[in-house]
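All of these numbers come straight from a predicted model, not from anything done at the bench.
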There are 2 protein chains.
Amino acid sequence: MKIAIAGSGALGCGFGYMMKKGGNDVTLMDYWDAHIQAIRENGLSISVNGKEDNVSMKIGKPNEIQDTFDVVFVFTKSMGLRAMMEAIKHTLTDDTKVVCLLNGLGHAKTIAEYIPEKNIIMGTTVWTAGIDAPGQTHFMGEGPVEVQNADPSEEEGARQVVKMMADCGLNGVYSENVHFTTWRKACVNGTMNALCSLLDCNIEELFHTSESDHLVTEIITEFSQVAATESVDINVQETVDYVKMTAEKVGAHYPSMHQDLQQNKRPTEIDFLNGAVAKEAEANGFSAPYCKLITQLIHAKEDIYGIKR
Amino acid sequence: MKIAIAGSGALGCGFGYMMKKGGNDVTLMDYWDAHIQAIRENGLSISVNGKEDNVSMKIGKPNEIQDTFDVVFVFTKSMGLRAMMEAIKHTLTDDTKVVCLLNGLGHAKTIAEYIPEKNIIMGTTVWTAGIDAPGQTHFMGEGPVEVQNADPSEEEGARQVVKMMADCGLNGVYSENVHFTTWRKACVNGTMNALCSLLDCNIEELFHTSESDHLVTEIITEFSQVAATESVDINVQETVDYVKMTAEKVGAHYPSMHQDLQQNKRPTEIDFLNGAVAKEAEANGFSAPYCKLITQLIHAKEDIYGIKR
């Protein structure tokens with residue numbers, strides 16, 4: 001397949017590398033000059049589950065790419081998705097599939113502003129990745145990459161992407177439940193990520209406070225109420241238990257939003273988690289005050305740190 | 001008058017000193033050993049609006065005091081009020097007036113667990129004070145000390161306390177509106193104090209964020225709804241404007257709750273501000289989710305800091 005990676009940070013490079021090694025024609029797209037230059041001059045240096053490799057990859061800024069593609073994987077931050085869709089639209093044909101594995105809520109609607117629903121493939125991944133230097137990344141995982149067609153009648157395209165990923169060692173899996181899985185992940189991020197960022201603490205510290213049960217339950221209740229408007233059934237108690245079990249597994253770890261806000265002073269993805277729930281609640285005629293206040297407080301903290309949004 | 005100060009920190013020493021200089025028989029009560037010892041050995045050293053003095057004062061722990069008093073001024077932290085009332089009840093007669101000038105909500109109810117309403121005098125003060133060392137304090141102000149009898153038919157006792165304070169240079173003023181003034185001060189503290197503590201910022205930083213208008217308006221709306229159940233009319237827009245005007249006056253200052261939580265890692269008075277509003281809202285059959293969440297988040301932060309409540 002002819003594949004583009006729109007947003008070639010750590011995860012984008014990992015996916016691009018695996019798909020190229022699997023025999024596909026892969027083009028990376030990104031905006032980071034030093035990263036682009038390093039990959040052009042020295043190839044991509046990547047460690048996959050500890051195994052080092054170096055491979056020549058095509059890379060350029062979206063406006064420099066004149067090709068069109070069979071499949072585009074978007075790997076931006078949530079708040080960069082719309083701008084990226086705008087920047088790559090000349091590389092999309094009437095049949096190009098766009099695969100979105102981003103965390104957070106509302107992305108399918110954003111993508112649908114640019115392409116027909118039949119071409120949208122939503123998914124989730126549990127692979128993780130990091131950037132060590134421009135042109136040098138690592139990629140870790142083995143868990144499934146679950147995908148599903150947004151348009152129920154277009155299963156065939158998603159099945160082809162699943163097969164391609166499976167052939168490349170990415171453990172592609174066709175899912176009937178991507179929407180549910182996305183909401184469930186959002187429940188984890190909308191509690192642990194949001195609260196650890198706001199309270200400047202790690203996950204273990206959060207769950208040792210006297211308030212964590214109340215906080216997590218209230219937030220997930222609001223997520224569940226909005227999920228129901230999209231016909232997704234989030235069982236509050238079961239999800240609270242799942243979040244607590246996840247928290248116990250990860251322990252004294254700082255979630256990614258904490259790294260963004262408190263450590264690196266970067267904009268957070270709060271608008272695509274608690275912020276999206278607050279907004280959708282209001283669009284549906286009810287309120288989600290915990291999600292709304294948490295979103296406002298995170299934005300206030302971004303402002304205090306001088307973070308530009 | 002025979003007067004006791006129950007809680008002789010900075011403000012208690014200031015009031016006690018002024019009332020003793022004005023000719024009253026004043027006894028200080030406190031629990032801080034070093035402070036008690038310093039005052040017993042060297043007298044109280046105090047600076048009032050910059051003017052230094054040293055005066056011999058009676059001081060002891062509540063259980064060491066066997067006298068009874070005409071008037072007791074309580075100057076504890078909000079969360080120490082109940083324990084202090086318990087500790088001093090042997091010093092109260094059927095006619096002892098208890099004067100409470102504490103910030104925060106719900107104190108009259110706590111005092112009413114120990115004495116008849118006819119003996120309760122509620123008030124507010126804008127004097128400020130600090131402790132420089134055990135036995136050494138400063139006291140600043142000139143503004144009014146407004147007081148009012150809790151029982152509407154018992155104005156005479158409050159009038160006597162007003163006259164006594166006025167005679168001592170404390171600018172005692174009889175007020176018809178102490179309940180309103182208390183709620184209005186609570187609105188200031190429940191917005192600026194609570195939010196600056198949670199966001200670890202000063203007042204100027206808070207009011208420069210894009211979210212401050214929403215946050216302050218939502219919180220004051222909840223305060224106003226609960227105030228209405230006590231027949232206190234808090235006009236939301238007027239109070240929001242008042243809070244913003246107050247914020248502009250004080251500027252890049254850290255409010256006292258920020259000092260407690262973030263600087264000194266001490267328990268906060270949140271339960272007597274936003275926490276009291278959340279609780280009273282629920283007791284009245286509605287909810288105050290912003291106040292409730294803010295209270296939970298502050299308590300979570302206290303827990304993270306290992307602050308014992």
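Neither the backbone nor the side chain of A:His208 comes within contact range of chain B, judged by heavy atoms closer than 4.5 Å. Heavy atoms closer than 4.5 Å to chain B are found nowhere in A:Glu302, neither backbone nor side chain.
A distance of 9.0 Å separates CD in B:Gln262 from CG in A:Asp200, rounded to the nearest 0.5 Å. Summarising the geometry, atom NZ belonging to A:Lys301 is positioned 6.0 Å from atom CG belonging to B:Leu199; distances are rounded to the nearest 0.5 Å. With rounding to the nearest 0.5 angstrom, the CG atom of B:Asp303 is 10.5 Å from the CG atom of A:Leu206. With rounding to the nearest 0.5 Å, the separation of CG in B:Leu297 from CD in A:Glu211 is 8.5 Å.
For NZ of B:Lys109, the number of neighbouring non-hydrogen atoms (other residues, nucleotides, ligands) closer than 6.0 Å is 12 at most. For B:His179, the NE2 atom is densely surrounded, since the number of other residues' heavy atoms within 6.0 Å is greater than 12. Counting heavy-atom neighbours within 6.0 Å of B:Lys185 NZ, excluding the residue itself, gives a total above 12. Around atom CD of A:Glu248, no more than 12 heavy atoms belonging to other residues, nucleotides or ligands sit under 6.0 Å away.
A:Pro289 is not listed as a side-chain neighbour of B:Lys292, based on a closest heavy-atom distance of 4.5 Å or more. Between A:Leu215 and B:Leu293, some side-chain heavy-atom pair lies under the 4.5 Å cut-off.
Counted by atom type alone, A:Tyr290 and B:Gln296 present one or more donor-acceptor pairs between their side chains at under 3.5 Å.
The two residues A:Ala300 and B:Thr209 come nearest to each other via the heavy atoms O-CG2, 3.5 Å.
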